[in-house]
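When a ligand or atom number is given, it counts from 1 through the structure's own listing order. Just the heavy atoms: all of them, side chains too, but no hydrogens, waters or symmetry mates, feed the values below.
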Amino acid sequence: MVKIAVMGHGVVGSGVVEVLMKNHEGIERRAKEGIEVKYILDLRDFPELPYADRFVKDINVILNDPEVEIVVECMGGVNPAYDFCMGSLKAGKSVVTSNKELVAEKGHELLKVAQENNLNFLFEASVGGGIPIIRPICQCMAANEISAVAGILNGTTNFILTKMITESMPFDDALKLAQNLGYAEKNPTADVDGHDACRKICILASLVCGKHIYPKDVYVEGIRNISLEDVAYAEKFNAAIKLIGLFKVQDDGRIQINVAPRMVSKTSPLAGVSDVFNAICVVGDATDEVMFYGKGAGKLPTASAVVADVIDCVKHRVARKYLYWDAAQEGLIADYHEEVCSMYMRLCSKSTDEIMTIANELCRECIYTDGVNPDEIAIITDIGSYAEQELIAKKFIARGVNVISAMRTLSM
Ligand code: HSE
């Protein structure tokens, strides 16, 4: 019997205990050993639970118990999760976490100590909840050179955008609904401003590059400024607006990584991903595009990924699983102005004929659509660097054309 400890008995932590108990027979068969939760660390008491006697409040009980071989961290946040995970590794215990903030900020340090101590530090649940993505990138696609990863990595924003698209619900109402349904926090910044998606694309990019990519080095734009008019124009261009975490390898070997709302053509399977679902598209040179889809959050989907990692730890107690990235590399991340993409621009002036004439002068080639309001049209520009696209927007303004909104399109 392998003894484990679970730190945090919130949504995910309680789900982990529930899945381990509910599916214990199948889990034992697959792990080839039984798994027992010896301790649960939480500051709160849960006297009503049948396993109330396993709760402890002091991390040292876990760290000092040699019987505990695996520690599961479901507390969230960097502190004290980092100290507790580091302490566990230094005490010779493998660690499994669902904490994307911890992995995005401290992944290299924790992986290094895990490697030095021949232990596992696994985090399948940190990206995409129940969707298998870390293991497929590291193992199933290990033969590939991966050139791009594009993901809908945040369920809350995808839910809000879906309501805007399918029910013409304004952003503020859709956010309130997401809060009422428990998807969005009272303070929704991490979701709607793109920081949660940023942490997740950083983890995937770090895995692909083998170097730590820090969220602070990544350009991030959220969805607060998306209007129902933008949504209507996307439809006219046979596209849908999605918040995309994007990682691409440039021809010079440096990488492009950012989070931003994008017009995604309906020819891409990402355009059809609705509600709270997540999807991640990975481009390998041997596989071409591979898509992963499913529930990116929630108690049991996330617990599913955590428990799978626990099983993997049990099966890899001697030879650790190879999962590692080095420290950050200076100069690896290219400036976001270098990204090559085409842009959607919503333009307004005294006459639409005049806008078309100016657009034809400023852009090599562009696609037009009629305005959803008088004196407006929208265009998709020819591809060029983001710096060139900004210059085009400035030239429109200098010629008296108001650029009401602008947004990148997705090309991989
Ligand atoms: N707030 C996140 C989301 C939860 O909406 O996707 C999972 O990380």
Side-chain angles (χ1 to χ4, degrees), residues 8 10-16 19 72-78 81 96-107 122-134 149-165 171 174-207 215 218 220-224 226 241-246 259-262 270 273-281 292-309:
V11 175
V12 179
S14 62
V16 168
V19 170
V72 176
E73 187 275 309
C74 304
M75 301 163 60
V78 175
V96 172
T97 181
S98 57
N99 184 339
K100 62 229 153 181
E101 199 176 346
L102 177 72
V103 181
E105 295 293 346
K106 301 285 186 184
L122 303 181
F123 41 88
E124 180 64 64
S126 65
V127 181
I131 307 172
I133 182 64
I134 305 283
V149 179
I152 295 170
L153 297 165
N154 183 267
T156 304
T157 45
N158 205 41
F159 173 84
I160 293 171
L161 289 171
T162 302
K163 287 287 163 197
M164 293 175 76
I165 294 166
F171 171 83
L175 172 58
K176 267 189 209 115
L177 181 60
Q179 285 169 322
N180 290 342
L181 291 171
Y183 300 145
E185 306 274 337
K186 218 167 167 194
N187 176 357
T189 301
D191 292 321
V192 298
D193 295 324
H195 305 300
D196 175 75
C198 177
R199 291 170 189 139
K200 293 166 182 168
I201 195 69
C202 281
I203 295 170
L204 299 180
S206 301
L207 279 174
V218 173
V220 181
E221 210 179 289
I223 64 162
R224 283 188 204 264
I226 309 287
I241 297 175
K242 296 285 165 193
L243 182 67
I244 300 288
L246 182 69
V259 175
R262 289 179 186 258
L270 287 172
V273 176
S274 301
D275 297 316
V276 286
F277 281 88
N278 284 195
I280 303 133
C281 188
F292 302 88
Y293 170 85
K295 288 197 172 155
K299 179 176 177 167
L300 295 182
T302 310
S304 154
V306 171
V307 174
D309 275 350

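Although no hydrogens or angles enter the test, the distance criterion places no donor-acceptor pair under 3.5 Å between the side chain of Asp275 and the main chain of Phe277.
Considering CD of Glu73 and CG of Leu102, their distance stands at 5.5 Å, rounded to 0.5 Å.
Every protein residue with a heavy atom nearer than 4.0 Å to ligand 1 is included here: Lys100, Asn154, Gly155, Thr156, Asp191, Asp196, Lys200, Gly296, Ala297.
Taking both residues in full, the closest heavy atoms of Ile241 and Pro261 are given as CG2-CB, 4.3 Å, listed atom of the first, atom of the second, then distance. Shortest non-hydrogen contact noted between Arg199 and Glu101 is NE-CG, 3.6 Å.
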| said: One pair to check against side-chain contact (heavy atoms from CB on, under 4.5 Å): Leu153 and Ile244. What are the steps and the verdict? | reply: CA-CA 7 Å; Leu153 297 165; Ile244 300 288; over 6 Å; no
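Judged as a salt bridge (Lys or Arg N to Asp or Glu O under 4.0 Å), and not counting sequence neighbours, the contacts of Asp196 are Lys100, Lys200.
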